[in-house]
Amino acid sequence: MLPNNHSNPSDFIRETIADDLKSGKNESRVHTRFPPEPNGYLHIGHAKSICLNFEIARENKGLCNLRFDDTNPVTEEAEYVEAIRKDVEWLGFQWDNECYASDYFEQLYDYAVRLIKNGKAYVCDLSPEEVREQRGTLTEPGKESPYRNRPADENFLLFERMRAGEFASGSRTLRAKIDMSSGNMNMRDPVIYRIQHASHHRTGDKWCIYPMYDFAHCVSDSIEGITHSLCSLEFEDHRPLYDWFLDELGIHHPQQIEFARLNITNTVLSKRKLIKLVEEGHVTGWDDPRMPTLSGLRRRGYTPEAIRNFCGRIGIAKRNSTVDMALLEYCIREELNKAAPRYMAVLNPLKIVIENYPADLIEEIDAVNNPEDEKMGIRKVPFSREVYIERDDFMEDPPKKFFRLAPGREVRLRYAYYITCTDVIKDGNGEITELRCTYDPATKGGDSPDGRKVKSTLHWVSAPKSLEAEVRLYDHLFSVSEPGDDFVSQLNPDSLITLASCRIEPALEKIFRCQFERLGYFCLDKIDSSLKNKPVFNRIVTLKDAWAKIQKTGG
RNA sequence: UGGGGAGUAGUGUAACGGUAGCACGGCAGACUCUGGAUCUGCUUGUAGGGGUUCAAAUCCUCUCUCCCCAGCCA
C-alpha cells in the first residue's frame with residue numbers, strides 16, 4: 001500500500017546492519033534498544049528513534065529492548081517511566097525486554113572495581129570546580145589530577161567507602177584514567193561514578209553512588225547483548241569512550257552508530273525547551289494538543305499510523321536538518337482522508353431563514369459518510385426552515401474569486417437543497433444577524449433536475465436540531481519556522497482559538513475522530529468534554545484551503 | 001586557533017565511477033455536491049577551485065560554510 005520509498009526503507013544504518021549480517025558478525029543477530037531517560041515525556045523526535053530501533057529489529061527478525069537509562073536519581077521519576085511505556089505502546093511497538101540501567105547497578109559496580117584493579121580508574125578527591133579548572137579548554141590540554149596515581153588498593157578501598165556512604169555528595173568521584181591531553185574532551189579522565197545521597201525511584205536508598213551515562217550506557221548495551229546501539233549525533237565524540245570502556249573490560253562490544261535527530265519547523269523538540277513551556281505555563285501541560293509530545297499529538301487527534309508513516313518518510317542520515325511541519329500534516333491528512341467519516345459542523349454560525357420552507361417540517365436528508373469509501377455508508381441529517389451556515393461562507397459584497405453565498409446568489413446546501421439569498425438582516429451596529437433565503441424544492445438531495453450549476457456547496461446544520469459544542473482551532477505553536485534561544489517570545493499568539501458556541505449535527509454526539517466537511521479533521525477531547533459536560537473538539541489539521549490561500553496572497 | 005561530524009531543488013531524502021530521482025511544498029490546468037480528494041503538467045539542485053578518468057554528486061586535493069564537545073546531565 002505504501003509507496004516504495006518507505007515500504008522498503010533503506011539508509012546507511014540499515015546498510016551497515018545488512019553488511020554485518022552478511023559477514024556473520026554477532027552470530028548474525030540483530031538486537032537494538034530504545035533507551036530513554038525517564039526525566040520527561042517522549043516527543044516526536046523520540047518517535048523517529050523508536051521507529052528506527054523497533055523496525056530494524058523487526059525487519060531482521062531481531063529483538064528490541066526498552067531500556068530506561070535511569071542513572072540520575074535527582075531528575076528522574078516513576079511517573080515518566082509510566083508515560084514512556086504508554087507512549088511507546090501507543091505508537092504501536094512491543095518491546096522484547098523491559099530493562100533498567102538501575103537493575104545493573106551491582107554489575108556496574110563490579111566492572112568499575114575491575115577497572116580500578118587494572119589501574120584504569122582512580123578515586124579523585126577534587127571538587128567539581130577543581131575538576132572543571134583542570135580539564136583544560138578546547139585548545140589547551142588539561143592537567144592531571146594529583147590523585148591520578150593513587151595505588152589500586154587505595155582506590156579500591158576508597159571506592160568501597162564511597163559506596164558505603166562515608167563521604168558527602170560531590171566530594172569524590174571515580175574517574176577513568178585515560179588522557180588529560182586528548183583533543184576529545186570526553187577522554188580527559190571522565191567521571192565514571194559520582195556520590196549523590198539521593199533516593200532513586202527504583203532502588204530507593206540502596207545506593208549513594210551512581211554511574212555516569214558514558215559508563216552505564218555502553219555496559220548496559222553490552223549486558224543486554226545489544227548488537228547495534230543507535231543514538232544521535234551529539235554522541236559521536238563519546239564513541240571513543242564507549243569503545244574504551246568495553247575494550248578495557250573485555251566484554252561484548254556493540255557498535256554505536258549515530259544519526260541526526262529530528263527537527264521540525266514551527267515547534268521545538270528539545271526536552272529543555274519543552275519543560276520550560278510546561279513549567280512556565282505557556283501550554284496547559286505535556287499533553288497540550290499544541291505540544292509535539294506523543295501525548296500532545298495523541299490528544300490533538302494524531303494517529304500512531306500517521307506518525308510512523310512520517311518517521312518513515314523523513315529518512316535517516318547524518319546531516320542536521322529541519323523537516324517541514326507540512327509533511328507531518330500531509331501524513332495525517334493522507335490517512336484521515338481515507339479513513340475518517342465526514343460530518344457537518346458550523347464553527348461560526350450565521351442563521352438562515354428559508355422563507356418558503358414549511359415552519360414545522362423537519363426532513364431527514366441522506367448524507368454520505370465518506371466519499372472515499374462507499375462501505376462507510378450513509379446517515380440521516382435533519383433539515384429545517386432555519387439552518388446555520390458558516391459566517392465566512394457569506395459576503396455581502398463578494399470579491400471576484402469568492403464563490404460562496406452572496407445577495408441574489410444561488411448555492412447548494414450539501415446533500416439538501418439549492419438556496420438563494422434574498423435579504424440580509426442587520427442589527428443596529430450594522431452586524432449581519434441573519435439571512436433570508438428561498439429554496440428550490442426540486443433540488444432535493446442537492447441536484448437540480450434542469451441541470452443548472454452552482455459554483456459552491458456549503459455545509460450547514462439545522463438550527464433547532466443541532467447541538468452546541470466547543471471547538472478548538474490549533475495552529476503552529478511558534479510563529480517562526482525555526483525558533484531560537486528566545487523561543488518563548490516567538491510563541492504564536494494564535495496557536496489556540498477557542499470557539500465556545502459551535503453547532504454540530506446530532507450524529508456527531510458519539511464520534512471520536514472525523515472530518516468536519518470543508519473545515520478539517522477534528523478529534524473529541526475526552527478529558528475536557530466530560531469536564532465541561534458538552535462535546536469539545538480539537539482540530540487536528542485543516543483541510544487544504546484554496547480560498548484561504550487566495551485571501552492570504554491578496555489574490 | 002584542539003577533537004569529532006556534515007554540505008544534493010524551498011524542505012527532507014536517493015543515486016555507492018555511467019541518464020541527478022522520489023516525497024512534501026509551490027505554481028498552472030482538468031475534474032468535482034467538500035475551494036477537500038483525485039489526475040496532469042511545470043518550476044528549482046550536487047558549497048567553491050583545481051586534478052584523476054572516455055565518464056565524477058561519487059575518487060584525490062585545496063578552500064569555504066554549518067553543526068557538536070570544556071555537567072559529578074543524558
Side-chain angles (χ1 to χ4, degrees), chain A residues 3-6 10-11 15 35-37 39 69-72 74-76 124 126-128 131-132 135-142 169-175 181-188 190-196 209-210 212-214 216-217 231-240 258 260 265 271-272 313-331 333-334 337-338 342 344 368 371-372 401-404 412-416 418 445-447 453-459 481 515-520 542-550:
Chain A
N4 282 335
N5 65 326
H6 53 99
S10 187
D11 50 67
E15 285 174 7
E37 185 192 11
N39 69 345
D69 244 332
D70 56 349
T71 56
N72 186 359
V74 304
T75 57
E76 296 157 7
C124 180
L126 258 23
S127 70
V131 169
R132 195 185 329 120
R135 188 159 22 230
T137 67
L138 294 179
T139 51
E140 298 159 23
S169 294
S171 62
R172 282 183 166 82
T173 54
L174 182 71
R175 292 226 259 164
S181 64
S182 173
N184 182 345
M185 301 298 289
N186 299 115
M187 301 301 269
R188 319 245 263 227
V191 171
I192 306 177
Y193 267 90
R194 75 284 212 187
I195 303 171
Q196 274 185 133
I209 57 171
Y210 293 94
M212 297 291 291
Y213 164 85
D214 285 304
H217 197 86
C231 64
S232 46
L233 249 28
E234 65 267 32
F235 293 102
E236 220 155 13
D237 48 15
H238 290 240
R239 179 155 29 91
E258 311 85 12
T265 59
K271 218 178 256 185
R272 195 197 107 242
R313 284 172 184 268
I314 58 178
I316 301 291
K318 295 197 69 150
R319 169 184 3 169
N320 293 316
S321 61
T322 303
V323 175
D324 199 324
M325 179 69 88
L327 183 61
L328 213 211
E329 295 176 345
Y330 171 84
C331 289
R333 281 196 193 102
E334 179 190 44
N337 174 51
K338 283 179 257 167
R342 272 64 166 169
M344 292 193 284
V368 175
E372 302 291 315
K401 288 178 178 169
F402 184 86
F403 302 147
R404 285 111 94 143
R412 171 169 41 233
L413 293 182
R414 182 146 226 223
Y415 300 126
Y418 285 12
D447 284 305
K453 300 286 185 197
V454 287
K455 289 207 75 170
S456 175
T457 300
L458 308 185
H459 62 277
S481 66
Q515 181 190 108
F516 289 174
E517 294 230 19
R518 303 208 305 134
L519 297 174
T542 61
L543 251 29
K544 284 213 284 185
D545 189 342
W547 170 239
K549 197 174 286 177
I550 290 168

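In what follows, chains carry the letters A, B, and so on, assigned in the order in which the sequence lines appear, proteins first and then strands, with residues in each chain numbered from 1.
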For [N], does either OP1 or OP2 sit under 4.0 Å from a side-chain N or O belonging to [X]?
X: A:Tyr213; N: B:rC73; value: no
X: A:Arg518; N: B:rU32; value: no
X: A:Thr265; N: B:rU11; value: no
X: A:Arg272; N: B:rC73; value: no

Partner lookup for B:rU52, please. Criteria are Watson-Crick or G-U wobble with both distances under 3.5 angstrom; report none if nothing qualifies.
none
Taking the nucleotide of RNA chain B with the closest heavy atom to each, which residue, A:Gln196 or A:Leu233, is nearer the 5' end?
A:Leu233
RNA chain B: 5'-proximal contact among A:His238 and A:Trp547 (nearest heavy atom)
A:Trp547
Listed nucleotide nearest any side-chain atom of [X], set [options]:
X: A:Phe403; options: B:rC72, B:rG35, B:rA74; answer: B:rG35
X: A:Lys544; options: B:rA74, B:rA37, B:rU34; answer: B:rA37
X: A:Glu372; options: B:rA74, B:rA37, B:rC69; answer: B:rA37
X: A:Arg132; options: B:rA14, B:rU11, B:rG71; answer: B:rG71

C1' spacing across the pair B:rC27 / B:rG10, given as an integer number of angstrom:
13 Å
Please state the P separation for the pair B:rU63 and B:rG3 - nearest whole angstrom.
14 Å
In sequence, state the C-alpha distance, the side-chain angles, and the governing distance for A:Arg172 and A:Leu126, and then conclude on side-chain contact (heavy atoms from CB on, under 4.5 Å).
CA-CA 7 Å; A:Arg172 282 183 166 82; A:Leu126 258 23; over 6 Å; no
With hydrogens left out and only the distance checked, is there a donor-acceptor pair under 3.5 Å joining A:Arg313's side chain and the base of B:rG12?
no
With a 3.5 Å cut-off and heavy atoms only, can you find an N or O donor on one side and an acceptor on the other between the side chain of A:Glu329 and the base of B:rC24?
no
Answer yes or no: is there a side-chain heavy-atom contact under 4.5 Å between A:Glu15 and A:Ser10?
yes
